[in-house]
*Asks:* 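Before I ask anything, here is the structure I am working with.
Quick note: residue numbers are just sequence positions, from 1.
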Amino acid sequence: MGTKTELITSNKNRQEELKSAIQKRKKRATKYLTGFILLSLIFIVFMESRVYSYFGNSINFILVVLSFTIIICLTYLIRIYLLIDKKNKEIKEINNKLYQLMRLETTSENE
């Protein structure tokens, strides 16, 4: 399997990879959400006159587009939250393994 130091270094490396992946995902999520919201606002501005006959007035069109935008953003945020939570749990498991590997062995002679 490997020596103790090899296991410790591999676990620490895995832990750092997970932490950096979480930070990257958080940064990407804000960029994606901002871009999606801006796209939906641009869609409202340019498509309002073209779909006027389908919705009857522009308020209904704006409500429909905003509700779809909110639903999509919320599902994306929930998905990101669940992925980050899963990685945080894995980091905690690695922390427990590292603690078990790095703690000092107690012997019965000390008792």
*Asks:* Does Y54 belong to the same Ile/Leu/Val/Met/Phe/Trp/Tyr cluster as V64, with side-chain heavy atoms less than 4.5 Å apart forming each link?
*Replies:*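 They do share one cluster, since a chain of ILVMFWY contacts under 4.5 Å joins Y54 to V64.
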*Asks:* Show me the side-chain donor-acceptor pairs of residues 24-34 shorter than 3.5 Å, one per line, residues at least two apart or across chains.
*Replies:*
{"unit_1": "T30", "atom_1": "OG1", "unit_2": "K27", "atom_2": "O", "d": "2.8"}
{"unit_1": "T34", "atom_1": "OG1", "unit_2": "T30", "atom_2": "O", "d": "2.7"}

*Asks:* For residues I44 and L66, determine if any side-chain heavy atom of one lies less than 4.5 Å from a side-chain heavy atom of the other.
*Replies:*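 When only atoms from C-beta onward are counted, L66 and I44 do touch, with a gap below 4.5 Å.
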*Asks:* NZ of K87: more than 12 outside heavy atoms within 6.0 angstrom?
*Replies:*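 Buried by this count: over 12 neighbours within 6.0 Å.
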*Asks:* Could I get the full list of salt bridge (charged side-chain N to carboxylate O under 4.0 Å, His left out) partners for R79, not counting sequence neighbours?
*Replies:* none
*Asks:* Hey, any chance V65 and L63 share a hydrophobic cluster, counting ILVMFWY side chains that come within less than 4.5 Å of each other, even indirectly?
*Replies:*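 No, V65 and L63 fall in different hydrophobic clusters.
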*Asks:* Is it possible for you to say whether V51 and F68 belong to one hydrophobic cluster, with membership spreading through side-chain heavy-atom contacts below 4.5 Å?
*Replies:* yes
*Asks:* Within this structure, what is the CG-CD1 distance for the pair L77 and I84, rounded to the nearest 0.5 Å?
*Replies:* 9.5 Å
*Asks:* In Å, rounded to the nearest 0.5 Å, how long is the span from CD of E48 to CZ of F55?
*Replies:*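 Result: 11.0 Å between the selected atoms.
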*Asks:* Show which side-chain atoms of residues 11-22 pair as donor or acceptor with protein atoms under 3.5 Å away, not counting sequence neighbours.
*Replies:*
{"unit_1": "N11", "atom_1": "ND2", "unit_2": "L7", "atom_2": "O", "d": "3.3"}
{"unit_1": "N13", "atom_1": "ND2", "unit_2": "T9", "atom_2": "O", "d": "3.2"}
{"unit_1": "R14", "atom_1": "NE", "unit_2": "E90", "atom_2": "OE2", "d": "3.4"}
{"unit_1": "R14", "atom_1": "NH2", "unit_2": "E90", "atom_2": "OE2", "d": "2.9"}
{"unit_1": "Q15", "atom_1": "NE2", "unit_2": "N95", "atom_2": "OD1", "d": "2.4"}
{"unit_1": "S20", "atom_1": "OG", "unit_2": "E16", "atom_2": "O", "d": "3.3"}
{"unit_1": "S20", "atom_1": "OG", "unit_2": "E17", "atom_2": "O", "d": "2.9"}

*Asks:* Would a single hydrophobic cluster contain both Y81 and L74, if residues Ile, Leu, Val, Met, Phe, Trp and Tyr are joined by side-chain heavy-atom contacts under 4.5 Å?
*Replies:*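 In one cluster with L74: Y81, no.
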*Asks:* How many angstroms lie between CD1 in I72 and OG in S67, if you round to the nearest 0.5 Å?
*Replies:*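 I72 atom CD1 to S67 atom OG measures 9.5 Å (nearest 0.5 Å).
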*Asks:* Out of curiosity, I94 CD1 to K89 NZ, how far, rounded to the nearest 0.5 Å?
*Replies:*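 Answer rounded to 0.5 Å: 15.0 Å.
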*Asks:* Among side-chain atoms of N88 and D85, is any donor-acceptor pair under 3.5 angstrom?
*Replies:* no
*Asks:* How far does CZ of F61 sit from CZ of F43, to the nearest 0.5 angstrom?
*Replies:*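 Answer for the CZ-CZ pair, F61 versus F43, is 4.5 Å.
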